[in-house]
Amino acid sequence: MRGGAVVAVDGLASAAGVELLRRGGSAVDAVVGANAVLAVTSPHMCGPGGDVWALVADSSEVVALDASGFAGSGADPEELRAAGHTEMPMKNHVASVTVPGAVDGWLALHERFGRLELAEVLAEAIRLAEEGFPASPLLAERASEVGDIAGNTDILRDLVEGQLLTRPGTARTLRAIAESGRDGFYGGEFGEALLELGAGEYTSSDLERPIARWVEPIQVDAYGHTIWTVPPSSQGYITLASAWIADGLEMPDEPNDVWVHLLVESATQAAHDRMDVLHEGADGQALLSPERLKPRRDAIDPSRASDVSTPAGAGDTTYMCAVDSDGMGVSLINSNASGFGANLIAGDTGIFLHDRGIGFNLEPGHPAEYGPRRRPPHTLSPALVTNTDGSLRMVLGTMGGDAQPQILLQLLDRILRLEQDSTCAVNAPRWVISSTDDDTGFGTWKHSTARQVVIEDASTGWADGLVGRGHQVVVVNDSPSSFGHAHVIKITDDGQLEAAVDPRCLIGTVESL
């Protein structure tokens, strides 16, 4: 294989990643460096106050990293219920802030697969935080949401696109990580601020406890390849289950309304009981057993929508991927969960804290019930594809809350079955399944909700056929980020790298050696 490539939502991040490849860094160095840049430039999507999941393909081996945080030792579901909460609070409440795992994840990845010194990997992110960077269109658009929250001195309410922005608190934090590793973050200024903000939600031992862990990835054979993702508490099993279901259907040779119907049905059958079966102790591979999935495939009617007994916003996340000249591929996703997260900042660091705790359940005795040191169900679900001989074929992923598996299913079918090139597949119109009464992007599979198929582009001609089959359909022409920011790097049959960045993210770029 010749060269290497990095794809990210921000050109500054992908450029930083490819520069690390030029210096002899691995794909992991490139992705960690790119993620650190995004932590500076895209606080409305991701950062050190969020979580990380990753897949790494190296020497015909695929490994998975779970750097998702757990609730603090002071987590008390009875206290929330007594306060009148029937669901986890989404904003302005420390209960929604699990101990952030992103930095622990960066360090674990770097320790195992990095080739450059950590300080070199983080150097560009630190420089941008100290010297400044131009505000992206989306950051400027979202800035007013957090202009007045406590501790925010960086993201001004009246921020305009292109305005030079510095983030000194984030720069200090990244320098502390570069110099002192884990202790510089969880035991430093950030950790002290988190303990103070939590007021009993967290203890020092919570921050000392390792978060990142290497876990067994889960896999399924579909479309003539092996598709991989991370295990529960990630919802990634839905991507694989829906791909397995769809692969056994009589699919059309073009992406018409029949194609959408069958993929929507595959996604629905794979995910309709997500609220019951997804929790940190779930067996992801068991959720993919043919014995479990075949009845769901058999229930799909090509002529009408399913009537399952248990039943959009975008979510805010960033996905990035890299492949180096040695064939190592990395699929990594980092997220605040919802926008700027919980709208809480750790002290003077300028680091926004995620609200990933919204994945918990407040039903007493539920396997995903909020509780001390428990990890919530997670929407983050990076993917990776290998050939039948075990060699890397593709890394891919997207933002999109509950819709992530649906977006990935469309990409997998377009690229692996319809044999579209990566750019065509990524640029093509999409659909997502969403709740009719929950616009957060995280309520699609609640038992109480009705669902609809949201179509990105009226010109596809999909709507009439879907309505005729009994689907509730909405066409949206002005909300591109609601359909994900998906990125792909594919290795072609002749060993070339074919990379695509999602135009919906406005400023993302592919950077190649």
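All figures in this text were calculated on a predicted structure; none of them were measured in a lab.
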Sub-4.5 Å side-chain heavy-atom contact between [X] and [Y]:
X: Ile155; Y: Arg142; result: no
X: His85; Y: Leu362; result: yes
X: Asp51; Y: Asn334; result: no
X: Thr318; Y: His485; result: no
X: Arg373; Y: Ser205; result: yes
X: Arg430; Y: Ile407; result: yes
X: His110; Y: Val121; result: yes
X: Asp402; Y: Thr379; result: yes

Could you tell me whether [X] and [Y] make a salt bridge, using a distance below 4.0 angstrom between a side-chain N and a carboxylate O?
X: Arg115; Y: Asp29; result: no
X: Arg112; Y: Asp58; result: no
X: Glu456; Y: Arg504; result: yes
X: Arg175; Y: Glu130; result: yes

Determine whether a donor-acceptor pair (N or O, by modelled atom type, separation under 3.5 Å) exists between the side chain of [X] and the backbone of [Y].
X: Asn336; Y: Ser338; result: no
X: Tyr237; Y: Pro231; result: no
X: Thr349; Y: Ala346; result: yes
X: Ser73; Y: Pro372; result: no
X: Thr166; Y: Pro168; result: no
X: Thr173; Y: Ala171; result: no
X: Ser42; Y: Ala39; result: no
X: Asp326; Y: Met328; result: no
X: Asn152; Y: Val146; result: yes
X: Ser331; Y: Leu396; result: yes

Rounded to the nearest 0.5 Å, what separation is found between the [atom1] atom of [X] and the [atom2] atom of [Y]?
X: Glu498; Y: Asp493; atom1: CD; atom2: CG; result: 10.0 Å
X: Ser96; Y: Leu344; atom1: OG; atom2: CG; result: 6.5 Å
X: Tyr370; Y: Glu79; atom1: OH; atom2: CD; result: 7.5 Å
X: Leu412; Y: Ser242; atom1: CG; atom2: OG; result: 8.0 Å
X: Ile491; Y: Leu392; atom1: CD1; atom2: CG; result: 4.0 Å
X: Met399; Y: His487; atom1: CE; atom2: NE2; result: 10.0 Å

Could you tell me which residues satisfy side-chain hydrogen bond (donor to acceptor under 3.5 Å, both in side chains) with Arg374, sequence neighbours excluded, listed by chain and number?
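Partners of Arg374 under the side-chain hydrogen bond (donor to acceptor under 3.5 Å, both in side chains) test: none.
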
Run Ser335 and Arg356 through side-chain hydrogen bond (donor to acceptor under 3.5 Å, both in side chains) and show every step you take.
CA-CA 9 Å; Ser335 175; Arg356 186 54 63 182; 2.9 Å; yes

Classify the ring geometry between Trp214 and Phe113 as parallel (under 30°), tilted (30 to 60°) or perpendicular (over 60°).
perpendicular

Would you call the rings of His378 and Trp53 parallel, tilted or perpendicular, where under 30° means parallel and over 60° means perpendicular?
perpendicular

Would Arg209 pass as a cation-pi partner of Tyr186, given that its NZ or CZ must be under 6.0 Å from the six-membered ring centre and within 45 degrees of the axis?
no

For the residue pair [X] and [Y], confirm or rule out a side-chain donor-acceptor distance under 3.5 Å.
X: Asn387; Y: Ser391; answer: yes
X: Gln404; Y: Ser381; answer: yes
X: Asp324; Y: Ser26; answer: no

